[in-house]
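Here's the structure, in structure tokens; my notes come after.
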Amino acid sequence: MQTLMIVFSKLLIIVAVLGLLRCSASFQSMSRAVDERAFAALRRIMNLTEESGYPPRLVPLLILLTSKA
């Protein structure tokens, strides 16, 4: 139960930080190249998790837990 709460708190912290970043003017003015790199990284993460045998339902959670904010 305690491990679940730690994971849940990390998830909430990530969501809060991303929400704050999205409100900033510098984040809103990022170029399309950054978006393309983010999608490329997302595709790589999805391919690696599938090759490692993780269920596809865990991919978004793994991305959130391993992302650097």
Side-chain angles (χ1 to χ4, degrees):
M1 181 68 174
Q2 187 176 11
T3 306
L4 181 62
M5 291 302 290
I6 292 172
V7 170
F8 185 65
S9 356
K10 284 184 178 183
L11 189 63
L12 287 177
I13 290 169
I14 291 170
V15 169
V17 168
L18 288 176
L20 289 172
L21 283 174
R22 286 180 111 10
C23 294
S24 72
S26 61
F27 189 82
Q28 290 177 354
S29 65
M30 284 185 169
S31 67
R32 184 178 181 137
V34 174
D35 292 338
E36 290 174 4
R37 285 190 304 198
F39 283 123
L42 179 63
R43 277 187 240 114
R44 276 196 320 268
I45 290 171
M46 290 178 71
N47 288 336
L48 288 173
T49 53
E50 288 175 2
E51 290 173 4
S52 299
Y54 288 104
R57 296 178 305 273
L58 287 181
V59 172
L61 181 62
L62 291 171
I63 291 170
L64 285 174
L65 292 175
T66 59
S67 67
K68 295 179 183 179

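Predicted, not measured: the structure shown is a model, and the values here were computed from it.
Cluster partners of L12, by chain and number: F8. The rule joins Ile, Leu, Val, Met, Phe, Trp and Tyr whenever side-chain heavy atoms lie under 4.5 Å apart. If you chain together ILVMFWY residues whose side-chain heavy atoms come under 4.5 Å of each other, I6 ends up in a group of its own.
Applying the side chain to side chain contact (heavy atoms under 4.5 Å, CB included) rule to L11 yields the partners L61, L64; only residues at least two apart in sequence or on another chain are considered.
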